[in-house]
Number of protein chains: 2
Amino acid sequence: MIGTIHIIDDEDVIRDALSFLLASRGLSTRGWDSGEAFLDALPLSDCACIILDVRMGGLSGPEVFDRLQLAGVRVPVIFLTGHADVPVAVRALKAGAFDFIEKPFNDNQIVDLALTAIAAHAQDQAAAAARQSVADRKATLSQREKEVMALMVTGALNKQIADALGIALRTVEVHRGRVLAKMGVRNAIELTKLIADGQN
Amino acid sequence: MIGTIHIIDDEDVIRDALSFLLASRGLSTRGWDSGEAFLDALPLSDCACIILDVRMGGLSGPEVFDRLQLAGVRVPVIFLTGHADVPVAVRALKAGAFDFIEKPFNDNQIVDLALTAIAAHAQDQAAAAARQSVADRKATLSQREKEVMALMVTGALNKQIADALGIALRTVEVHRGRVLAKMGVRNAIELTKLIADGQN
DNA sequence: CACGCTATTGTGGAAACCCGCAATAGCGGC
DNA sequence: GCCGCTATTGCGGGTTTCCACAATAGCGTG
């Protein structure tokens, strides 16, 4: 199960052509005849990639894209346009679009693009899952434990942490042990790498 | 000294207009009438930003850009084009161009763009300098010290490092101390962050 | 108020870490 | 052969970490 490609275009011909093309290469697709329809259907758990027409009745492609960003949807978006419009393309790409191609499109090109987009999404998902896992474990920490952890990853000694927090050395040791246990790591170095990765 | 904006365009009018505009805002500029001339002049220590025309006699803008990438030049490039060409714009941006704008350009827009490009370059430079600094210090490590460091950042105990390398515990301790000293950090956690950052 | 949960602290000891002092050994260069 | 650099190891001792056992205190629930 690698996810579905959602095709948003108000022209039936384009949607059907794309669906047929991608389906013939073994990809799962689903069409939407307007940005509003797609946005209303969110959240979509199977969404691995979006092919989005720029010029549509109702919301335009870029407008849909903006709303996706605001909604926190992190899926590769391939824009499709029938009109040479460099500023729109530039703005879309700088805003994080996966690609921007002109109609008529080359069949193999768009299939390749969809495949690489799905691959990129899979990587994103894996990274997001890892981050989420870390965030989940972090959420099980008490306030004090978080404070101690924050100082641990700076390389501070237990004694320095104790002074900084105004608590006894022994207490820091207890918290430290609990932090390591809850975060599922063996030592402060693994913890540091776990937290540092999350920042990126 | 914030660096010079290099303007590469085979049309004197454009070069002069841009130079005048940017100079009037207090920016330092230098013009080149062909990609070849600019590439021949490399390396240029003052280069903070490049404004590059797409269509020129001789090497095209994208061709110049490719050679810059190959040469390892990491400077923001703002493409300038007189012809609406979406595929070229898309390719340039995906290859890492800073921006891609159409002529005739808006004066304030291009000044702002140049300023943000220079700011981005300054940040890149700072990050690159930091990475270089780490790399330099790393280069002063002996082979053994590098091996020990590699195991240190995994969170391994000295005893485990000793077993892995087939040397005595005391020897590991000596190497460990030297690694920390040469890398300019106080403990293994700071070292880990230093190395992990470098990877990104 | 008793009970459960968490935070806090102490004691004491095993294990690990850090480091100065000292010594042996190999290797390349003058 | 002497010198400089690196690798290696041992000894001794101070510092830090980790943890089991034990105890006190506050807070919310029933």
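Scope of the values below: all heavy atoms of this structure, side chains included, with no hydrogens, waters or symmetry mates. Order of the sequence lines fixes the chain letters, A, B, ..., with proteins taken first and strands second; residue numbering starts at 1 for each chain.
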Is the phosphate of D:dT6 approached by B:H175 (side-chain N or O, under 4.0 Å from OP1 or OP2)? no
A:I161 CD1 to D:dC18 P, straight-line distance once rounded to whole Å: 10 Å
Rounding to an integer number of Å, can you tell me how far A:L191 CG sits from D:dT17 P? 14 Å
If the cut-off is 4.0 Å, is B:S142 near the phosphate of D:dC5, judged by side-chain N/O to OP1 or OP2? no
Short side-chain N/O contact from A:N158 to OP1 or OP2 of D:dT17, under 4.0 Å: yes
Mind checking B:R186 for me? I need base, sugar-phosphate or nothing, with any heavy atom below 4.0 Å counting as a touch. nothing
Salt-bridge test for A:D53 and A:R15: reply yes if a basic N is under 4.0 Å from a carboxylate O, no otherwise. no
Among C:dT8, D:dC19, D:dC18, the one nearest any side-chain atom of A:V174 is C:dT8
State whether A:R176 places a side-chain N or O below 4.0 Å from either non-bridging phosphate oxygen (OP1 or OP2) of D:dC18. yes
Rounded interatomic separation in angstrom, taking CZ from B:R170 and P from C:dT24: 17 Å
Could you state the atom-to-atom distance from CG of A:L141 to P of C:dT6 in whole Å? 13 Å
Between OG1 of B:T192 and CD of B:E190, what distance do you get to the nearest 0.5 Å? 10.0 Å
State whether B:E147 and B:R144 are salt-bridged, where the test is any N-O pair (Lys NZ or Arg NE/NH1/NH2 against Asp/Glu carboxylate O) under 4.0 Å. yes
Checking all strands, does A:R144 fall into the base, sugar-phosphate, or nothing category for heavy-atom contacts under 4.0 angstrom? sugar-phosphate
Side chain to side chain contact (heavy atoms under 4.5 Å, CB included), paired with B:W32, selected from B:I8, B:I7, B:D40: B:I8
Whole-Å gap separating P (D:dT6) and NZ (B:K146): 12 Å
I need the CG-P distance between B:N187 and D:dT15, as an integer number of Å. 18 Å
In this structure, how many angstroms lie between the C1' atom of C:dA16 and the CG atom of A:L180, rounded? 15 Å
Under 4.0 Å from OP1 or OP2 of C:dA16: is there any side-chain N or O of B:K159 that close? yes
Test your reading of the model: is there a side-chain donor-acceptor pair from B:K193 to the backbone of A:V153, 3.5 Å cut-off? yes
Value in whole Å for how far the P atom of D:dT17 lies from CD of B:E173: 16 Å
Touch check for B:T171, heavy atoms < 4.0 angstrom, all strands: base, sugar-phosphate only, or nothing? base
